[in-house]
Amino acid sequence: MPELPEVETIRLQLAPRLQGRRIRDAHSHDSEKFTPAKDAIGTTLQGLNRKGKYLIAPLNDGRELIVHLGMTGSLAITPEPPGDPYIRAWWQLDGNEFLGYRDIRRFGRIRCVSAGQYDAIPTLAAQGPDGLSPEFTPEGFYLALRNSHRRIPTQLLSQKPVAGVGNIYGTEALWMAGIHPAKRRISRSAATSLHAALVEVLEAGLANGGTTLRDYRNADGGEGSHQNALACYGRSGQPCLRCATPLQHRTYDARTLTFCPQCQPR
């Protein structure tokens, strides 16, 4: 699933090309997950923002067009109506260009809501501060983790302590901070270390244009390169880059997580 660096890469590519563009027409798949794309017809895009894994486009009528890419979603601007069978929605822009939303597995979704009114999108309404925002602080992060008894990776994936982190960057940050994925509670100092690790891995992923393991493509159709810089995720059985101990993987809360038994003691 695209995480913060992948979604932010797409936002940075699309934002200058969408600013001030009028939506002349739209088409969507019949699923109610995608039909709200047509609700934006006749409006003007006033920018493209992001919170966590959600792309949020303010419209000139006081609403927001919200897109979640799910596991296999991507966005691209084309000069012709997209003909790909996996296109789930497209918007015709002034200037005779088309913004297409492609989603093979249909796990993504589109909504058009009054600005800031996210009751119809519970995961957006309940998520915590964005992982690359000033609101994401070490103390706030520690307090958010302290209020739950779930394992730390599960808390991260809930998006409540921090928005935008998934399995890839969560695994990398836990390895960097030396925290075992089975742990449910960590000290304030460990939370501070994990906070710093999360910011570092998210910034590195963004600098590398995201991580492409299989499906992720940016708005230009290109792949990210951060998969070449992963230290822990997907490397089970290979030597730890810090201590050379073979990395292991275990399943916790239905998620398979890789870790170093030496650097991340339980």
Side-chain angles (χ1 to χ4, degrees), residues 1-18 29 34 48-57 66-91 93 97-110 130-132 156-157 159 163-176 197-238 241 247 249 255-258:
M1 178 180 292
E3 301 179 31
L4 187 157
E6 291 75 49
V7 181
E8 178 65 4
T9 296
I10 291 172
R11 189 197 71 80
L12 290 170
Q13 292 174 323
L14 289 179
R17 300 183 64 184
L18 295 180
H29 185 276
F34 307 113
L48 186 61
N49 306 321
R50 180 193 53 76
K51 185 174 182 184
K53 303 175 188 179
Y54 286 88
L55 289 166
I56 303 174
I66 300 176
V67 177
H68 191 283
L69 299 177
M71 292 185 67
T72 58
S74 62
L75 289 164
I77 294 177
T78 61
E80 302 289 340
D84 190 311
Y86 295 117
I87 292 292
R88 307 305 177 188
W90 55 253
W91 298 269
L93 308 173
E97 287 188 317
F98 296 81
L99 174 64
Y101 173 62
R102 185 177 190 268
D103 186 2
I104 296 173
R105 299 187 66 181
R106 292 190 290 178
F107 287 158
R109 53 194 174 275
I110 298 169
D130 185 86
L132 291 182
L156 296 179
L157 294 176
Q159 305 301 296
V165 176
N167 213 15
I168 295 173
Y169 297 98
T171 295
E172 291 291 291
L174 287 167
W175 176 84
M176 186 177 293
L198 284 166
V199 173
E200 182 172 341
V201 299
L202 291 172
E203 289 180 341
L206 178 58
N208 289 326
T211 301
T212 297
L213 298 176
R214 184 174 61 182
D215 297 304
Y216 168 69
R217 297 294 184 275
N218 62 34
D220 293 330
E223 298 183 357
S225 63
H226 194 64
Q227 62 274 11
N228 301 316
L230 296 175
C232 187
Y233 181 87
R235 297 189 65 248
S236 181
Q238 299 181 46
L241 299 181
L247 299 176
H249 67 273
R255 293 277 183 172
T256 300
L257 302 170
T258 302

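Predicted model, so just to flag it, every value in this text is computed and none were measured.
- Scanning all heavy atoms of the two residues, the minimum distance from A76 to A219 falls at CB-O, 3.7 Å.
- D220 meets the side chain to side chain donor-acceptor pair (under 3.5 Å) test with Q13; sequence neighbours excluded.
- Remark: the backbone N or O of L257 is not paired with any side-chain donor or acceptor of T171 at under 3.5 angstrom.
- Looking at residues two or more places apart in sequence or on another chain, you find a ring pair (Phe, Tyr, Trp, His ring centres under 6.0 Å) between Y54 and H68.
- Not a single side-chain contact (heavy atoms from CB on, under 4.5 Å) links A207 to another residue, sequence neighbours left out.
- A distance of 10.5 Å separates CZ of R109 from CG of L69, quoted to the nearest 0.5 Å.
- Note that CG of L14 is 9.0 Å distant from CG of N218, once rounded to the nearest 0.5 Å.
- Judged purely by atom type and a 3.5 angstrom limit, T72 uses its side chain to pair as donor or acceptor with the backbone of R105.
- The side-chain contact (heavy atoms from CB on, under 4.5 Å) test applied to A163 returns Q127, Q159, not counting sequence neighbours.
- When the salt bridge (charged side-chain N to carboxylate O under 4.0 Å, His left out) test is applied to R17, the partners found at least two apart in sequence or on another chain are E97.
- Checked against salt bridge (charged side-chain N to carboxylate O under 4.0 Å, His left out), E200 has no partners two or more places apart in sequence or in another chain.
- Looking only at side-chain heavy atoms (C-beta outward), Y233 and L213 come within less than 4.5 Å of each other.
- Residue L157 comes nearest to N167 through the heavy atom pair CD2-N, 3.5 Å, listed as atom of the first residue, atom of the second, then distance.
- For the residue pair R11 and L48, the shortest heavy atom distance occurs at NH1-O, 3.0 Å.
- In this structure, T9 has no side chain to side chain donor-acceptor pair (under 3.5 Å) partners at least two apart in sequence or on a different chain.
- The side chain to side chain donor-acceptor pair (under 3.5 Å) search around Y169 returns E6, T211, not counting sequence neighbours.
- For the pair G108 and Y101, the tightest heavy-atom approach, listed with the atom from each and the gap, is CA-OH, 3.2 Å.
- Atom CD in E223 sits 13.5 Å away from atom CG in N208 (nearest 0.5 Å).
- One finds the CG atom of L93 at 8.5 Å from the CZ atom of F98 (value rounded to the nearest 0.5 Å).
- Judged as a side-chain contact (heavy atoms from CB on, under 4.5 Å), and not counting sequence neighbours, the contacts of H29 are S31, F34, R88, R106.
- Between L75 and L55, some side-chain heavy-atom pair lies under the 4.5 Å cut-off.
- Closest non-hydrogen pair, Y216 versus G224, comes out as CE2-N, 4.1 Å.
- Atom CG in L4 sits 10.0 Å away from atom CD in E203 (nearest 0.5 Å).
- Among residue pairs with one or both ends in residues 67-86, those qualifying as salt bridge (Lys or Arg N to Asp or Glu O under 4.0 Å) are D84-R102; sequence neighbours excluded.
- Partners of D130 under the side chain to side chain donor-acceptor pair (under 3.5 Å) rule, at least two apart in sequence or in another chain, are R50.
- The side-chain contact (heavy atoms from CB on, under 4.5 Å) search around A173 returns L194, A197, L198, V201, not counting sequence neighbours.
- Annotation for P5 and G205: closest pair CB-C, 3.6 Å, computed over non-hydrogen atoms.
- The distance from the CG atom of L206 to the CD atom of E3 is 13.0 Å, given to the nearest 0.5 Å.
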